[in-house]
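Worksheet: one structure, shown below.
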Amino acid sequence: MKVTFPHLGNVYMAAKIFLDDLGLDYVIPPLSNPKALEIGAMYSPEEICLPYKIMIGNYIQALEQGADTIIMAGSCGPCRLGEYCELQKNLLKNIGYNVTFITLDVPKDIGKEELLNRIGILMNASGKSSYEGIQALIKGIKAMYLVDEIEKEVYWRAGYEVHKGDCKKILYRYRQDVFATNNPNKALVILKKYLKQIKQVEIDKNKDPLKISIIGEIYTVIESFSNLYIQERLMDYGVSSLRMLTPSWWIKDLIGKTVKLNSIGIRRASKEYLSVGIGGHARECIGEAVLAAKNGQDGAIQLFPVGCMPEIVSKAILPTISKDKNFPIMTLVMDEMTGESGYITRIEAFLDLLERRKLKVV
Amino acid sequence: MYYLGIDVGSVSTDVVLLNEEMEVIEKIYLRTKGKPIQTIQEAFSLLKGRYKDEEIQAVGTTGSGRGMAGFLVGADAIKNEITAHAVAALELDHEVRTILEIGGQDSKIITLKDGIVTDFAMNTVCAAGTGSFLDRQAERLEIPIEQFGHYALQSQTPVRIAGRCAVFAESDMIHKQQLGYPPSDIIRGLSEALVRNYLNNVAKGKEIASKIFFQGGVAANIGIKTAFEKALGTEVIVPKYHDVMGSIGVAIIAKEAVEKRKGKTKFKGFTIAQSKFVSNSFECKDCANRCEIIQVLENGVEISCFGDRCGKWSEKVAVS
């Protein structure tokens, strides 16, 4: 058995550590790229959301390298992403790939037994005990937290760095170094080293850079290929950016959900504008916008793929928040277009708007 | 002493020369025809004999081709068209609150308050209702685009045309035309559909307060202007130089940039009209990102390289 999985930002680093520790054979698909999107768009239904298409491209590029089993998360949730696994299973079968899908879902939806069954398939292939399995999982989760922590620091410190490009260099270097090793323990050491390094980057605390929150649909904000690398781009402009939705946030939210103690801050903040969950992460988007205004950010950028229904609802609510809180919010809708000029124009104009506002207030 | 503004858009390239009073003394409007470099060279060869390089105090570029144009001419400011349009409108009238801008491929709305931009939006994934579409319809009906607007005014009863999608709007127009409606009614219907689409799509959720400026190439179309006035129930002002507001704005921004720097302009001179520019593109295979790198050579010397994410190519030129 050779497993693979779709990309979601930097999850692949943590997944690699987990799979290395478990001793499973795996293929990590090439990082999401234009070719993957092209393949995905060719086979996918035209109207389906962008993440679906990119994922299909990930799968096929991995299958070409010998993968035969796909691990994917599913949910009986009210957003289409929860149904991807079933649709994708059929799609791949129809175009002639013989693959096994292992869909991981919460016990509430598929039953505890079924979940253990599915995990059992992986465990059997690895030949490890369940204790070792849990150990590997803990390492993977630890790695996810470290990765998210490093990136959070990188994107935030970029606005304050004394030597332009310091943060970006660390960002690229740590990804390369972690990926180069197949030893999970060594990988964790490397991650810790870089976390320390990023915290020591020389910064100028007197600087007052523009601070922007990245909000919106979870896949689009995390998978940087799908948002045309917005946070890296903001680093080039010397802007600090903040994103609350991360894979480690998602893990925490999932666990918290079982006892209804998930993301209390965000839920409370969204209450005035959207008091019920309407699917996807629309409520989170609204809550984050309110929090961003409250925490003194200069503005927020909402991202979502064409046709994302939960985010279309939040898009309609955002202007009211923007008006009430006197807080600029821009929406960018992502699609298959990789021509970047219109996109850059909007970002630059938004930064101009924020900057001119700021100067006027001072 | 003059200030030069260049707007390299999808359809047209506009070059303006402002004097010290920020008045337009020269205005060149050329079709880009997919060749931005040659178009700028063409514009410069028109200006070359009449103005000296030393008379240019600042130069700025805007429009979707602003980056490339900036390298080419040695721009003091390279600015996005939204800011450029806002600056130009504010120079004319500080009380402007809304700018409706419709160009060749895109349309935007900008809202302002107390002289600063407070919000803006651009059309997202659809070009329905932009200049190119009108151009095409004018061509199909064999009516010169300049007279397109006047036709609309002659109509007493507009025909309803679906404005959401350019392709289906065209089918709708053909259908109505085959039923025997006169061209003027169809054109008026089209103008109203375009305005409806703009207000429901680009301007959705935006506050449209007066004074309202209407800018961009399409503002020349009196039919669209009238349709806007009818839909908004208030006066819409079309500035005299509505079609080159982007260039005017960026010339002003460039002037400010040079003054702020207290330096001299980086303008390379009108002689670039004679230079030989070649651009190559290739895919960088050094990592999985597979960036498409574009390299511009002037008389065989590399002057600019961009398109990479890591900075390996673009920084190389910046350093040398």
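Below, chain A is the first sequence line, B the second, and so on; all start at residue 1. Only this structure's heavy atoms are used, side chains among them; waters, hydrogens and symmetry mates stay out.
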Hey, is [X] close enough to [Y] for a salt bridge, meaning N to O under 4.0 Å?
| X | Y | answer |
| --- | --- | --- |
| B/Glu207 | A/Lys323 | no |
| B/Glu259 | B/Lys255 | yes |
| A/Lys168 | A/Asp236 | yes |

*Selection from B/Thr83, B/Asp119, B/Thr62 maximising heavy-atom pairs under 4.5 Å formed with chain A*: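 So the answer, after comparing B/Thr83, B/Asp119, B/Thr62, is B/Thr83.
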
*What distance do A/Arg346 atom CZ and A/Thr331 atom OG1 have between them, rounded to the nearest 0.5 Å?*
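The CZ atom of A/Arg346 sits 11.0 Å away from the OG1 atom of A/Thr331.
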
_I need the A/Ser322 OG to A/Phe327 CZ distance, nearest 0.5 Å._
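The OG atom of A/Ser322 sits 8.0 Å away from the CZ atom of A/Phe327.
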
*Which bit of A/Lys35 is near chain B, if near means a heavy-atom gap under 4.5 Å: side chain, backbone, both or neither?*
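When you check distances to chain B, no heavy atom of A/Lys35 falls under 4.5 Å.
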
*Part of A/Ile344 lying under 4.5 Å from any heavy atom of chain B*: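 Both parts, backbone and side chain.
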
*For B/Thr118, is it the side chain, the backbone, both or neither that has a heavy atom under 4.5 Å from a heavy atom of chain A?*
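Backbone of B/Thr118 only, per the 4.5 Å heavy-atom cut-off to chain A.
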
*Partner chain B: residue of A/Lys169, A/Glu232, A/Gln176, A/Met330 with the largest heavy-atom pair count (under 4.5 Å)*: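 When all of A/Lys169, A/Glu232, A/Gln176, A/Met330 are compared, A/Glu232 has the most.
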
